[in-house]
Amino acid sequence: MINITLKDGKVLEFEQPVKVEDVAKQISMGLYKNALAGKINGEVVDLTTEIDKDSNLEILAFEDEGGKHALRHTASHILAQAVKRLYPEVKLAIGPSIENGFYYDIDADFSITPEMLVDIEKEMDKIVKENLPLEKFVKPRNEAIEYEKSKNEDYKVELIEDLPEDEIISFYKQGEFTDLCAGPHVPTTGKVKAFKLLNLAGAYWRGSEKNKMLQRIYGTAFSKKSDLDEYLKMLEEAKKRDHRKIGKELELFSLHEEGPGFPFFHPKGMVIRNILEDYWRREHVKAGYKEIKTPIILNEELWHQSGHWDHYKENMYFTKIDEADYAIKPMNCPGGILVYKNQMHSYRELPIRMGELGLVHRHEASGALHGLMRVRSFTQDDAHIFMMPSQIKDEVLGVIKLTDKIYKLFGFEYNVELSTRPENSMGRDEDWEHATESLREALEAADLPYKINEGDGAFYGPKIDFHLKDCIGRTWQCGTIQLDFQMPERFDLTYIAEDGEKHRPVMVHRTVLGSIERFMGILIEQYAGAFPVWLAPVQVKLLPVTDRANEYAKELQEKLEESDIRVGLDLRNEKIGYKIRESQLEKVPYMIILGDKEVEARNVAIRSKKDGDLGTMEFDAFLSKMKEENDKRISNL
RNA sequence: GCUUCAUUAGCUCAGUUGGUAGAGCAACUGAUUCGUAAUCAGUAGGUCAGCAGUUCAAGUCUGCUAUGAAGCUCCA
C-alpha cells in the first residue's frame with residue numbers, strides 16, 4: 001500500500017506503484033488536464049515517473065515553474081530532433097529551458113539561417129503531431145560514454161566524462177531520437193501545443209571564450225496557442241519601450257558613429273538629467289554626504305598604486321602630458337582617496353561620506369555596447385565612505401536604505417546579489433571573510449532577499465549589487481556597495497583613534513543610481529517616455545487655437561516660467577487637433593488649450609496626456625496644481 | 001572581442017531575375033485663422049555607410065572596414 005499526500009493535504013491510497021500522470025488524471029476531472037510535470041518530495045519529475053513509496057506529490061501545470069520547465073525542456077528536445085532529421089551531420093551540445101523559453105546549442109559546419117529556422121519549425125510541427133512518447137532509460141557512466149561515442153556526439157561524451165565514475169546516466173527517447181538528459185519532460189511531444197523559434201545567436205561551448213563558438217537557436221513554448229500569442233504580443237509591446245527608440249523619438253540623446261559608446265545628451269535629455277542630479281544631491285545632503293569633484297586625467301603612477309594597473313589596465317584609456325604618462329580615470333576612488341589623505345582625520349569625524357558625480361571612461365568590448373545601458377563614458381553617482389571597522393554594518397545598512405528609498409520613488413522592483421571573492425583579487429583571506437560577512441549581516445538586517453554570486457566581487461573587495469529590469473526583462477546592475485580593505489592599505493590611509501594612535505579606516509565604494517546614463521535608460525523604459533510631471537522635460541504646453549490667443553498665451557508662458565514650470569508654446573499656424581496630436585506624441589503631461597473663449601474669460605482649458613479633456617479652470621488654480629505635482633517627490637521624502 | 005544578421009532622404013520604410021533611386025512623415029514656401037490625435041498645394045532633399053573587386057552595366061553579386069541589432073564572453 002502506497003500513500004500519496006497531495007498539496008492540499010488529501011491522502012490517496014494505491015495498491016501498487018503508480019505514475020504521476022495516473023494520479024493527475026485521478027485527482028479530478030479536467031482540473032489537471034494541463035498537468036506538465038510532478039513534484040515528488042520537492043523534486044521536479046516527469047509525469048511518467050513511477051511513485052513506488054509513500055510520498056508528497058504536487059502536480060505542476062504551466063503556471064508552475066516546474067511545469068514550464070518540463071514543457072520547454074521537451075520543446076528543446078523536439079528542436080534538437082528536428083535539426084537532426086534535417087541535418088544529421090550536426091553535433092548537439094546542450095539544450096535547457098530558460099526563463100521565458102528554451103534554446104539548443106548546435107555545432108554545425110555551416111551557418112544556420114533564418115530560412116532554415118522555418119524548415120526546422122515545420123519539422124518540429126511534425127514531431128508534435130506524431131505525439132511521440134518520451135521514454136526514460138539509464139546506462140552506467142562508461143556505457144553511456146560508449147553510447148554517445150557511437151552516435152558521434154562529442155559534446156555529450158565530454159559532459160558525461162565530467163560526471164563521477166559510479167554515476168548512472170539517464171537518457172530520454174522520443175521516436176528515433178535519444179538525448180542525454182536528467183529530465184523532467186512532459187509525457188509526449190504532443191503536449192507542446194504552441195511553440196516558436198525566436199532567434200539565432202552564437203554562444204561559446206560551456207560559456208568560455210576559449211572554446212569553440214556554437215550556434216544557438218532560441219525559442220519559446222506554451223501549453224496553449226493563446227498564451228504564446230499573448231507572449232509574442234507582449235514582446236512586441238515591450239520593444240516599443242526601448243530607450244534607444246524613445247530616446248530618438250523624444251530627442252533625449254543620440255549616439256554617433258564618430259564616438260561609439262559615447263552618448264550625446266540633447267536639451268530635453270539634459271533637463272531630465274539635471275533634475276535627477278538635483279534630486280540626488282538633495283537626498284545625499286540629507287543622508288550626511290559631502291560632495292566633491294576630482295579630475296578625469298591623473299598620473300599613471302596613481303593607478304599603479306591603486307592596483308588598477310594590475311587588474312584593470314585592459315579597460316583603461318591612456319594619454320601623455322608633456323613627457324609623463326597619464327590615465328583617464330575608469331573609477332573615481334583614487335581621486336576620493338587623495339582628498340581624504342589631504343589632511344589628518346580624527347575618529348570623531350568618522351564616518352566621512354564623500355559623494356562625487358564622477359565622469360569615468362572604460363574601454364568596454366565593442367559587442368557589449370548597448371544604448372545608454374552599456375557605454376564607454378558615463379557618470380557614476382559615486383561615493384566613498386571612510387569609517388572605523390565597527391561602523392561597517394550601520395553604514396552599509398544606511399546605503400541599502402537610501403537605495404531602497406530612491407528606487408521606490410520610481411516604482412522599481414529590484415534584485416540584490418552578494419558577490420564574493422574573485423580569482424584575480426588582492427588582499428588577505430581573513431579580510432575578505434570579514435568583509436563578506438559584514439555585507440551579509442547588513443543584508444540580513446535590512447531583511448532583503450539576495451542571491452549569492454560566487455567569485456564575482458571586485459578585485460579589492462566583495463560587493464552587494466542592485467539589479468533593475470529593462471523593458472524586455474534583461475537586468476542591469478545599477479546600485480552597488482563595495483567593501484574595501486585594500487585601498488586604505490595601499491594608500492596608507494589613517495585616522496587618529498581615541499588612543500592617540502594612527503589606525504586604518506575601512507572604505508566603502510557605492511553607487512545608488514549606478515551610472516546616470518544607465519539609470520536614465522532604465523527610467524525611459526520604465527515610463528515608456530511618459531515621465532512623471534516632476535521629471536518631464538516639458539511639463540505644460542500652451543496651444544493657442546488661433547493667433548488671436550497668441551498674446552494671452554505668451555502672458556501665461558511668462559507666469560509659468562516665473563514659477564519654474566517647464567513650459568512650451570506652439571505658436572505655429574496649425575490646427576488645434578494637429579498641435580494636440582504632436583504634444584501627445586511628445587508625451588507632455590499637460591496641455592493648455594487657448595481659444596477665443598479662454599481669452600475672453602481669462603481662464604484656461606486643460607487637457608492631460610493621461611486623462612484627456614479636463615475642462616476649464618482658473619489659471620491660478622492650474623498653477624497651484626502644477627506646483628503641487630512638482631513638489632511631490634520632495635514631500636515624498 | 002566572438003557568431004549571425006543588418007545599414008537606401010532628418011525619421012519610418014519600398015526597391016522585381018544586376019539595366020545608375022521611390023513613398024509617407026518631418027523641413028522649406030504659399031494659401032488657410034480653424035476648438036481636443038494629422039488643412040491643402042508646391043519646393044527642396046540621396047556619392048544607396050565607406051573602400052576595393054566581378055561585370056558592358058552594381059542599391060542589388062564578392063571581399064575588407066566602420067557602425068548598429070540579438071546572443072555569447074566581459075563588466076573591479
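Letters A, B, ... are given to chains in the order of the sequence lines, protein chains preceding strands, and every chain is numbered from 1.
For A/Arg362, the salt bridge (Lys or Arg N to Asp or Glu O under 4.0 Å) test picks out no residue, with sequence neighbours left out. In this structure, the ring-ring contact (aromatic ring centres under 6.0 Å, His included) partners of A/His370, at least two apart in sequence or on a different chain, are A/Trp476. Taking the salt bridge (Lys or Arg N to Asp or Glu O under 4.0 Å) definition, one finds that A/Asp484 meets it with nothing, sequence neighbours left out. Under the salt bridge (Lys or Arg N to Asp or Glu O under 4.0 Å) criterion, A/Glu301 pairs with no residue, sequence neighbours left out. Residues meeting the salt bridge (Lys or Arg N to Asp or Glu O under 4.0 Å) test with A/Arg504, sequence neighbours left out: A/Glu489, A/Asp492.
When distances run from any side-chain atom of A/Glu598 to the nucleotides B/C72, B/G35, B/C34, the shortest one goes to B/G35. Ranking B/U33, B/A27, B/A38 by closeness to the A/Arg581 side chain, first place goes to B/A38. With B/G35, B/C11, B/U73 as the candidates, the nucleotide lying closest to the side chain of A/Ile593 is B/G35. Closest to the A/Ala368 side chain, of the nucleotides B/C2, B/U73, B/C11, is B/U73.
Contact annotation: A/Lys575 does not reach the phosphate of B/C40 (side-chain N/O to OP1 or OP2, under 4.0 Å).
Contacts of A/Leu585 with the nucleic acid, taken as non-hydrogen atoms under 4.0 Å apart, include base atoms. A/Gly207 comes within 4.0 angstrom of the backbone, heavy atoms only, and of no base. Using a 4.0 Å heavy-atom criterion, one finds that A/Lys579 contacts no nucleic acid atom at all. Residue A/Glu574 is in base contact, counting any heavy-atom pair closer than 4.0 Å across all strands shown.
Taking atom CD on A/Glu423 and atom P on B/C75, their separation rounds to 11 Å, with Å as the unit. Spacing between atom CD of A/Glu586 and atom P of B/A37 amounts to 16 Å, rounded to whole angstrom units. Note: CG (A/Leu197) to P (B/G71) measures 16 Å, nearest angstrom. Rounding to whole angstrom units, NZ of residue A/Lys212 and P of B/U73 are separated by 18 Å.
The side-chain tip of A/Arg572 does not point at the ring of A/Tyr578 from less than 6.0 angstrom away and within 45° of straight on. Remark: A/Arg216 qualifies as a cation-pi partner of A/Tyr103 under the 6.0 Å distance and 45° angle criteria applied to the six-membered ring.
Interface remark: the A/Tyr204 side chain does form a donor-acceptor pair with the B/G1 base, using a distance-only criterion of under 3.5 Å. Side chain A/Arg607 to base B/U36: a donor-acceptor pair is found below 3.5 Å. With hydrogens and angles ignored, no donor-acceptor pair closer than 3.5 Å exists between the side chain of A/Gln215 and the base of B/G71. The base of B/C72 has none of its N or O atoms less than 3.5 Å from a complementary donor or acceptor on the side chain of A/Arg216. Judged by atom type and distance alone, A/Arg374 reaches the base of B/C74 through a side-chain donor-acceptor pair under 3.5 Å.
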Can you give one letter per nucleotide of nucleotides 61-70 of chain B, going 5' to 3': B for a protein heavy atom under 4.0 Å from the base, S for sugar-phosphate only, - for none? -----SSSSS
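For the pair A/Ala605 and A/Ile112, nearest-nucleotide mapping onto RNA chain B gives the more 5' position to A/Ile112.
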